[in-house]
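Structure first, then comments.
For the numbers below, each heavy atom of this structure counts, side chains included, while hydrogens, waters and symmetry mates do not. None of the values given here were measured: they were computed from a predicted structure. Starting from 1, each residue takes its place in the sequence as its number.
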Amino acid sequence: MSVCSSAGILGTGHYAPERLLTNFDLEKLVDTTDEWIRTRTGVETRHLAAASENTSDLCVKAGWKALEAAGLTAEDIDFVMVATASPDYVVPSTACLVQDKMGMKRAGGMDISAGCSGYIYAVATAAAMVKAGLYKYILVGAEILSRLVNWQDRSTCILFGDGAGAAVIGAAEEGFGLLASDLGSDGSMGSILNIPASGVAEPVTHRAIDSNRIYIHMEGPEVFKAAVRHMENTTMAALEKAGVDKEEIDMFIAHQANNRIIQSIAKKVGIPKDHMYVNVERYGNTSAASVGIALDEAVRSGKIKHGDIVVITGFGAGLTWGCDVMRWI
C-alpha cells in the first residue's frame with residue numbers, strides 16, 4: 001500500500017431504530033413535561049433500539065449505506081473502526097463483530113472509546129492511517145445509550161437516543177478530504193460524565209446495580225460549560241491548523257447533545273444558522289453516532305457539495321473533545 005497525500009470521506013450512511021420515544025411518552029415515566037424538555041434541550045423525539053438489536057447491528061445497517069454511497073463492497077474494506085461507548089461486549093470489540101457480520105474477510109478491527117467525541121477521533125485516526133499507507137479503505141461507525149441510562153433519572157433519560165453513523169475513509173485528491181484535526185482530553189474532569197461501575201476499577205456487582213452506579217452519571221451544568229468552552233477552542237484550533245477562516249465554513253456540524261449547547265458554540269465561533277445542520281430535536285443525544293448521523297443527512301439532502309468546507313466538532317466523556325476540518329470530496 002503506497003503513501004498518499006490526502007484522505008477523506010468517500011461515502012456516508014446512518015441508521016436509526018424504528019421505535020420512537022416522544023417527550024409525551026417520557027411524561028408517563030418520569031416527572032417531566034414536553035415543554036420542559038424542549039425548552040432546555042431542544043429534543044422532541046429519540047429512537048430506541050429493539051431488544052433484538054445490538055450496537056453492532058446498528059453499525060452494519062449504517063455501514064452498508066456508506067459502502068453503497070462510496071461505490072464499494074465489503075471486500076474492499078481493509079479495516080473496521082467503531083467509535084462507541086456502548087459496545088456489544090467489553091471483549092470482543094464491536095468492530096470485530098461488524099467485520100464478521102459484513103463479511104469483510106481481510107479487515108482488521110478495533111473500537112475507539114472517546115465518548116461523544118468518538119466519531120471525530122475515528123475520522124482523524126482513519127484518515128491518518130490511509131495517508132500513512134497502512135490501509136486503503138476504512139469503515140467508521142454507533143451507540144445504544146438507552147441501555148445505559150436510568151429511566152427514573154430525568155436529568156439523563158430525556159437526553160439520549162440510539163443510532164449509528166458511518167463513513168468510508170479513503171484516498172482523496174490533493175487539497176480535498178481531511179485538512180486538519182485537533183483532538184484533546186482532560187481526565188481530571190472525567191467524574192462529571194461517566195458510568196461509575198463499568199470496568200475493573202469498580203466492577204458490576206449487586207450493590208452497584210442496586211445503587212444505579214451502572215448507569216450514566218452526569219453533572220449537567222458542569223458538562224454544559226465544559227462542552228461550550230472546549231468545542232469553541234478545538235474548532236478554532238483546527239481551523240488555524242487547516243489555514244481556513246471561519247467565514248469560509250460552508251457547513252458546521254457540532255455534536256448533537258443539546259440545542260442550547262449547539263447554538264452557544266455557533267454564536268461564539270460566528271457560524272450563521274444557514275451554515276449549520278441541527279437534528280437533535282429528532283434523535284436526541286446519540287453520543288458517538290450524532291455527528292455521523294447529522295453529516296449523512298446533510299450530504300443526502302444536498303446541503304453539502306463537492307468542494308465545500310465542512311467542520312465537525314464534538315465533546316464527550318473523558319473528558320474528550322475534537323474537531324475535523326474537511327474540504328468535501
Side-chain angles (χ1 to χ4, degrees), residues 12-21 46-67 74 77 79-104 107-123 125-126 138-151 156-157 159-169 193-195 197-199 204 214-216 255-257 279 282-296 314 316-318 320:
T12 61
H14 83 274
Y15 170 75
E18 290 184 11
R19 182 187 171 191
L20 273 182
L21 185 73
R46 67 285 291 148
H47 294 256
L48 299 186
S52 60
E53 289 181 308
N54 291 318
T55 300
S56 61
D57 300 314
L58 273 58
C59 286
V60 167
K61 291 177 180 178
W64 286 126
K65 293 178 181 178
L67 283 174
I77 299 299
F79 203 93
V80 182
M81 190 180 300
V82 173
T84 186
S86 54
D88 287 22
Y89 308 99
V90 174
V91 176
S93 72
T94 301
C96 286
L97 301 177
V98 173
Q99 172 270 325
D100 177 57
K101 290 179 179 182
M102 297 188 73
M104 298 172 180
M110 70 176 183
D111 290 354
I112 285 186
S113 177
C116 303
S117 307
Y119 190 91
I120 311 297
Y121 271 60
V123 168
T125 302
I138 301 175
L139 180 69
V140 182
E143 217 75 79
I144 297 183
L145 293 180
S146 63
R147 296 176 194 169
L148 301 180
V149 298
N150 177 1
W151 287 97
T156 56
C157 73
L159 298 172
F160 297 104
D162 304 334
V168 177
I169 310 295
L193 180 54
N194 68 355
I195 301 177
S198 57
V204 176
I214 63 171
Y215 300 119
I216 294 171
H255 167 47
Q256 305 291 297
N279 64 4
R282 291 182 285 116
Y283 295 96
N285 181 346
T286 55
S287 188
S290 81
V291 170
I293 293 172
L295 181 62
D296 183 50
T320 64

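Looking at residues two or more places apart in sequence or on another chain, you find a side chain to side chain contact (heavy atoms under 4.5 Å, CB included) between S198 and I195. Partners of F79 under the ring pair (Phe, Tyr, Trp, His ring centres under 6.0 Å) rule, at least two apart in sequence or in another chain, are Y135. Here K65 pairs with nothing under the salt bridge (Lys or Arg N to Asp or Glu O under 4.0 Å) rule; sequence neighbours left out. Residues that satisfy the salt bridge (Lys or Arg N to Asp or Glu O under 4.0 Å) test with D57, not counting sequence neighbours, are K101. Every residue two or more places apart in sequence or in another chain that forms a side chain to side chain contact (heavy atoms under 4.5 Å, CB included) with A122 is listed here: M81, A83, I112, V140.
Contact annotation: the side chain of F160 approaches that of N285 to within less than 4.5 Å [non-hydrogen atoms, C-beta and beyond]. Using a 4.5 Å heavy-atom cutoff, the side chains of T320 and Y121 are in contact. Considering only heavy atoms from C-beta on, L20 stays 4.5 Å or farther from R46 through its side chain. Here the side chains of L193 and I216 are in contact, with some heavy-atom distance below 4.5 Å. Side-chain contact between L139 and M104 is present, with heavy atoms from C-beta onward closer than 4.5 Å. Counting heavy atoms from C-beta outward, P17 and L58 have side chains that approach closer than 4.5 Å. The closest side-chain heavy-atom distance from S56 to V98 is below 4.5 Å. Counting heavy atoms from C-beta on, the side chains of I77 and L67 come closer than 4.5 Å.
Listed here is the closest heavy atom pair of A16 and Y283: CB-CE2, 3.7 Å. S86 approaches A142 most closely through the heavy-atom pair OG-O, 4.3 Å. Pairing each heavy atom of G115 with each of A288, the nearest pair is O-CB, 3.6 Å. Shown here for L145 and D162, the closest heavy-atom pair between the two residues is N-OD1, 3.0 Å. Contact detail for G163 and A289: the closest heavy-atom pair is O-CB, 3.3 Å. Listed here is the closest heavy atom pair of I169 and A126: CG1-CB, 3.7 Å.
For the pair R19 and E53, the salt-bridge criterion is not met [side-chain N within less than 4.0 Å of a carboxylate O].
Counting only N and O atoms by type, the side chains of T286 and E143 include no donor and acceptor under 3.5 Å apart.
With hydrogens and angles disregarded, no donor-acceptor distance shorter than 3.5 Å links the side chain of W64 to the backbone of G13. Side-chain atoms of S290 never come within 3.5 Å of backbone atoms of H255 as a donor-acceptor pair (strictly under, hydrogens ignored).
Applying the side-chain hydrogen bond (donor to acceptor under 3.5 Å, both in side chains) test to residues at least two apart or on different chains, none of the pairs has a partner in residues 89-100.
Atoms CG and CZ, on L48 and R147 in that order, are 9.5 Å from each other to the nearest 0.5 Å.
Each of D88, L97, V60 was scored for a side chain to side chain contact (heavy atoms under 4.5 Å, CB included) with N54, with one residue passing: D88.
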